[in-house]
Amino acid sequence: MKLFNIEVNMVTLTAIILAVGMVVDASVVVLENITRHYEEEKLTPFKAAVKGAREIQFAVVAGNATTLSVLIPLLFLYGFVGKTFGPLAATLIIAFISSLVVALALVPILTEMVTGGQQRWENWAAKVSNPWNKAMDYLRNGYLWLLDHSLRKRWMVFLSAGLLFILGLVMLRDLGMELLPLMDGGSSFVTVETPSGSSLDETETVMQDVEKIILEEPNVVRITNQMGFEPGMHSFGGGGVQGPTQGYISITLTPRTERDESIWQIQDRLRKKLSRIPNIQNLVIRESGSTAKATTASSIIVSIKGDDPLVLDSLGTIVLKSVRDVDGLVNPYRSWRMDQRNIALTLNNDRALEMGLNPAMVAGQLVQSLDGMPSGVFRGSLGEDTPIRVRYAPDYRSKRQDAFAVRSISSQAGSIIPLGAILNEKEILVKGLVTRENLEPKLEVLALHQNRPLNFVTADVNSAVSHIPQPSGYKIELEGEEKDMAESRGELLGAMGIALVAVYLLLVAQFRSFLHPVTVLMSVPLSLIGVSLALFVAGKPVSMPVLVGLILLVGIVVNNSIILIDFIRQRREEGAQRQQAILDSVGTRFRPIMMTSFSTIVGMIPLAFEWALGAERFSPLAIAVIGGMTASTFLTMIVIPVLYDGFDALSSKLNKIKVE
């Protein structure tokens, strides 16, 4: 389903949940200002609505404009990040534009209509909200007392803000980083590979034992099983070689909200049990969506490139042994091994010439006899076409020696001879899967990660493989989600840089000052301590959704600063002294700031607590916004006014020096 050319999916639904809290901010600010004029100045409902909306319109427009300016760059991201977060940004942009119209047009009209003649309901509402109002008044008075003392000791505020910013950066670094949070979708894949040369019947016997163990799990709803592979079939299990030696099982579990264990705990238990089954050469158990990008085979990939498959095989064994004990690394395996038994047939050229045969003729005869050759199409009574392939009967092509019994006509002797008379055999071991990158042979050692952030695991893996000697012409490189994460991180940081510049230029135009926009933007670093603390409490590492949350915070948290600075500017234009204007601003704008922040935080709670299935992917975004908004709200009303006071005092001194 599409709405305004935006596909309605999990991403857009997440954006709607995010918008629930954020888009009401403008309406709350306008409504609070109208209510203040109505209650304190005793204006008529109409005059209070007009004056309240007109007085606050600058701050509302500026706040929404800054938020929109940070969302627009997200629309132009490319690749994986653009496809993931572009629809989210588009949905939020539509929501914010709509909220601006509602706040400046609809809210004043509705306020005037509701306020006039509803005295009984107003008295009832006043009684209900009285405890809340008293609590807010006590908190506001405490803030004013603290701000008054902070204005006298600006250096202590600057030092404390700087230390909090550094602490926030250190905590973010220590949290680690992921591309996307792991998601418990309730689906797992089990890929089993039996030893090379195993028949389909032998593989089926092993798979029956695997099925029996899986079905013992109480949370399993259903499983589907397939064994062997034919041309054109695809596997999502990541087991590597495909053929009669491989079996694939898809497991569907009960939803995570209905079980006590996570999908990873169940997978760990299955790995231990299934590893005891004999005749399993390779075992891979992974959840659906274990990697953010479908084209990335696994979260951890060590790529080994070079020409000689024997050298690649030897290096693969060394790499697998080196990374196996890395903390947080799970289920390491190789994309291929040199264990496929093949029979290499060599032609006795002298004897073949005596018989009037050449290599092409012998090879063609073997293919036609054992593999078959097209010989027309059979048209059925219903019009269906069935291709016809002619080859030896199964009894004459099922054993190893049947290849030597294939008959060929000797043009020299004029008789039929077995090809075994001119062929020699040799058993060799080859790799069962041919993998190349840019035509260069390649072997991959793959693994998943659990219980540790991706960047910590990849750092240990990189350290482990860096000590392995690399022969000339061979390369050992770390790929997987680490490579994807570096690419995505660069895109999002670039978008954040554009957003900061756009917000600054927008504020310069609105405040007609190059200095005061810096004061407003200082609320962004203040939010980092809240982001890091919230992620730490939630046990979440930094991920791409967190970076998107930081970009959103650039536009959201400056709104409170704009509300403060705008009122300070109004009071100073009325003739108030700088510090008195600052105190008046915090006292007057305290309630709107608290209400807008509270509405945003409450709107994020359902997503942050992952109440819906699939919310794991975007809950870090909501957690980052909640933490950032909480910290910036409480710090903004102290640090930003003190910064404004310091910058304005510095500006006044510089102006005096210029005049002199």
Side-chain angles (χ1 to χ4, degrees), residues 25 28-29 32-33 36 40 55-56 59 62-63 132-165 167-168 507 511 513 515-530 533 556-598 600-601 627-653:
D25 288 357
V28 169
V29 173
E32 180 69 23
N33 207 48
R36 181 174 62 85
E40 296 180 4
E55 186 180 73
I56 203 68
W132 166 263
N133 291 331
K134 287 184 177 180
M136 294 294 288
D137 289 340
Y138 283 130
L139 187 59
R140 181 186 60 187
N141 294 336
Y143 258 102
L144 291 174
W145 177 85
L146 182 61
L147 177 60
D148 185 41
H149 285 73
S150 299
L151 289 171
R152 300 172 190 173
K153 298 181 180 180
R154 292 190 300 235
W155 65 272
M156 290 186 63
V157 176
F158 296 156
L159 180 62
S160 300
L163 291 176
L164 287 175
F165 173 65
L167 179 62
L507 293 175
F511 285 113
S513 168
L515 192 59
H516 291 319
V518 176
T519 305
V520 173
L521 286 174
M522 289 306 294
S523 57
V524 176
L526 291 178
S527 66
L528 285 180
I529 182 64
L533 279 174
I556 296 173
V557 299
V558 299
N559 294 352
N560 294 340
S561 300
I562 291 174
I563 293 173
L564 283 176
I565 301 301
D566 177 56
F567 193 84
I568 293 172
R569 182 175 58 84
Q570 292 180 24
R571 292 288 291 121
R572 296 195 67 185
E573 288 176 355
E574 294 171 359
Q577 295 296 322
R578 184 176 65 240
Q579 293 195 355
Q580 185 59 46
I582 291 173
L583 292 171
D584 291 344
S585 174
V586 172
T588 304
R589 297 304 192 204
F590 177 81
R591 188 184 293 267
I593 289 175
M594 293 298 292
M595 290 300 296
T596 56
S597 299
F598 184 71
T600 300
I601 292 169
M629 282 296 296
T630 302
S632 66
T633 298
F634 287 100
L635 294 176
T636 291
M637 287 184 283
I638 298 297
V639 179
I640 297 302
V642 172
L643 283 172
Y644 176 89
D645 185 49
F647 284 162
D648 197 77
L650 178 62
S651 178
S652 299
K653 290 181 181 179

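As a basis for the values below, the full set of heavy atoms in this structure was taken, side chains included, without hydrogen atoms, waters or symmetry mates.
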Side-chain ion pair, D566 and R571, N-O less than 4.0 Å: no
Distance in Å, L635 CG paired with L526 CG, rounded so as to fall on 0.5 Å steps: 5.5 Å
L528/F165 under side-chain contact (heavy atoms from CB on, under 4.5 Å): CA gap, chis, key distance, verdict: CA-CA 7 Å; L528 285 180; F165 173 65; 3.2 Å; yes
Rounded distance [0.5 Å steps], OH in Y644 versus OG1 in T519: 8.5 Å
Approximate separation, where rounding is to 0.5 Å, of M637 CE and S561 OG: 10.5 Å
F634 and Y143 aromatic ring geometry - parallel, tilted or perpendicular at 30°/60° bounds: parallel
Partner of L147 under side chain to side chain contact (heavy atoms under 4.5 Å, CB included), chosen from V639, V586, D645: V586
Ionic contact status for K134 with D137, cut-off 4.0 Å: no
Minimum heavy-atom distance Q579-L151, with the two atoms named: NE2-O, 4.0 Å
Carboxylate-amine/guanidinium proximity below 4.0 Å for R572 and D584: no
Check against side-chain contact (heavy atoms from CB on, under 4.5 Å), D148 and R152: CA-CA 7 Å; D148 185 41; R152 300 172 190 173; 2.9 Å; yes
Nearest non-hydrogen partners of L583 and L144, listed with the distance: O-CD2, 3.5 Å
Reported CG-to-CG distance for the pair L533 and L167, which is rounded to 0.5 angstrom: 7.0 Å
Residues T636, M522; criterion side-chain contact (heavy atoms from CB on, under 4.5 Å); working and verdict: CA-CA 9 Å; T636 291; M522 289 306 294; over 6 Å; no
Under 3.5 Å donor-acceptor, S597 side chain and M594 backbone: no
Minimum heavy-atom distance G628-V557, with the two atoms named: O-CG1, 4.3 Å
I593 CD1 to F567 CZ distance, which is reported to the nearest 0.5 Å: 11.0 Å
Expected output: side-chain S585 to main-chain L564 donor-acceptor under 3.5 Å: yes
side-chain contact (heavy atoms from CB on, under 4.5 Å) between H149 and K153, intermediate numbers included: CA-CA 7 Å; H149 285 73; K153 298 181 180 180; over 6 Å; no
Minimum heavy-atom distance between D648 and R578, given as atom pair plus value: OD2-CD, 3.2 Å
More than 12 heavy atoms from other groups under 6.0 Å of CZ on F598: no
Side-chain donor or acceptor of S527 paired with backbone N/O of V524 under 3.5 Å: yes
Beyond-backbone contact of I565 with I640, side-chain heavy atoms, under 4.5 angstrom: yes
Euclidean distance, R589 CZ relative to I562 CD1, rounded to 0.5 Å: 12.5 Å
